[in-house]
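Note on naming: letters A, B, ... go to the chains in the order of the sequence lines (proteins, then strands), and numbering restarts at 1 for each one. The model shown is predicted, which means the values in this text are computed figures rather than measured ones.
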2 protein chains.
Amino acid sequence: MTTAHELTKNQTLVFNTLSRAEGPLSAYTILDQLRGDGFRAPLQVYRALEKLLDYGMVHRLESINAFVACAHPHNHSHNHGMIAFAICEKCGQVSEFSDDIITQRVREWTTQNGFKQTKTTIEIRGVCAACGTA
Amino acid sequence: MTTAHELTKNQTLVFNTLSRAEGPLSAYTILDQLRGDGFRAPLQVYRALEKLLDYGMVHRLESINAFVACAHPHNHSHNHGMIAFAICEKCGQVSEFSDDIITQRVREWTTQNGFKQTKTTIEIRGVCAACGTA
DNA sequence: TTGACTAATGTAATAACATCACATATCGAG
DNA sequence: CTCGATATGTGATGTTATTACATTAGTCAA
């Protein structure tokens, strides 16, 4: 069962910062936004992020070294599909989606090759519809 | 037509270093291996890598901040499929593969959402067959 | 050849991202 | 209360990447 996690003070602060943000934030941007709340060192942010990532409440975007609050209020227990991110390089907006066929194809490859996957990153960089037409 | 690129001295050194390597290397590891050839600063490596990435001769692994020589002697002109990487966290070996269905599914999503993709990253982290059974 | 342009290179400094090491505090179980 | 586990505070350090500026090398036209 996926209980709603009790967040600690720092985890709550970091999560709220990410939730309020328009787009992804770097750890150091989060730090700066939380100076007023007593944050002084990167580690305070990274430690909170680590837990939030564990809980599936936050995603890390590897290609831009940044973090976003998870868009879906999932139920992580079921629905183990891989999540893909489309990141707009103009406005920074991130769209999150999950595709069963992609998930399945990846699993097929890993199964056939005896590869035990632990984490999969799918990130599409480009320009979103809004920025493309503007 | 994709002409074989004339590489400069530094590009050649960096490419050869990556080609000889068992697995992916960080820019700073490459730098260290090229000290004997007169390399002194990170920028010498990053500049060469930038070109090699342009030419499609090298890939960047976003999830581990490292670089590998491209496994396929492709023909980049055709075959615009997205490339996926399976990265073993035990031994560092990287397997490269391309899946038309995944490529197509991603394109469907981007088309439907008016997203103009420029680059796509697919990286599977885990443990390879050899390390899994060992 | 000269001059002017472009691409490549060299170098130092700095920025951006992330972790280590160690001390202190908080909280629940027994 | 006391022990152990988890969370936190803090400084230093490690790792990755870029900026800024000077220099060198190659190309091509007049």
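- The two residues A/Thr103 and A/Gly81 make their nearest non-hydrogen contact at OG1-CA, 3.8 Å.
- A distance-only check finds no donor-acceptor pair linking the side chain of A/Ser26 to the backbone of A/Ala66 [under 3.5 Å].
- Salt bridge A/Glu108/A/Arg105: present, at least one basic N to carboxylate O contact under 4.0 Å.
- Summarising the geometry of A/Ile64 relative to A/Pro24, their closest heavy-atom pair is CD1-CG, 3.9 Å, with the distance given to 0.1 Å.
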With a cut-off of 3.5 Å and sequence neighbours excluded, list every side-chain donor-acceptor pair involving residues 31-43 of chain A.
unit_1  : atom_1 : unit_2  : atom_2 : d
A/Asp32 : OD1    : A/Arg35 : NE     : 3.4
A/Asp32 : OD1    : A/Arg35 : NH2    : 3.4
A/Arg35 : NH1    : A/Arg40 : O      : 3.4

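- When DNA chain D is scanned in the 5' to 3' direction for atoms under 4.0 Å from non-hydrogen atoms of chain B, the outermost contacting nucleotides are D/dT16 to D/dA20.
- A/Cys70 and A/Glu96 make their closest contact through SG-OE2, 3.5 Å (heavy atoms, listed as atom of the first residue, atom of the second, distance).
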Query raised in the report: What string of B, S and - do you get for nucleotides 12-28 of chain C 5' to 3' if you count protein non-hydrogen atoms under 4.0 Å?
Result: -----BBBBB-------
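- For B/Phe97, the ring-ring contact (aromatic ring centres under 6.0 Å, His included) partners two or more places apart in sequence, or in a different chain, are A/Trp109.
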Could you pull out all donor-acceptor pairs under 3.5 Å where a side-chain atom in residues 83-93 of chain A meets a protein atom, sequence neighbours excluded?
unit_1  : atom_1 : unit_2   : atom_2 : d
A/Glu89 : OE2    : A/Arg125 : NE     : 3.2
A/Glu89 : OE2    : A/Arg125 : NH2    : 2.8

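- Of the residues in residues 7-21 of chain A, those lying under 4.0 Å from DNA chain D by heavy-atom distance are A/Thr8, A/Lys9, A/Asn10.
- Between the C1' atom of C/dA7 and the CG atom of B/Asp54 lies a distance of 14 Å, rounded to the nearest Å.
- Atom CG in A/Leu18 sits 11.0 Å away from atom NE2 in A/His59 (nearest 0.5 Å).
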Query raised in the report: Given B/Asn65 and B/Arg60, is the side-chain contact (heavy atoms from CB on, under 4.5 Å) satisfied, shown in steps?
Result: CA-CA 7 Å; B/Asn65 297 318; B/Arg60 177 194 188 102; 4.1 Å; yes
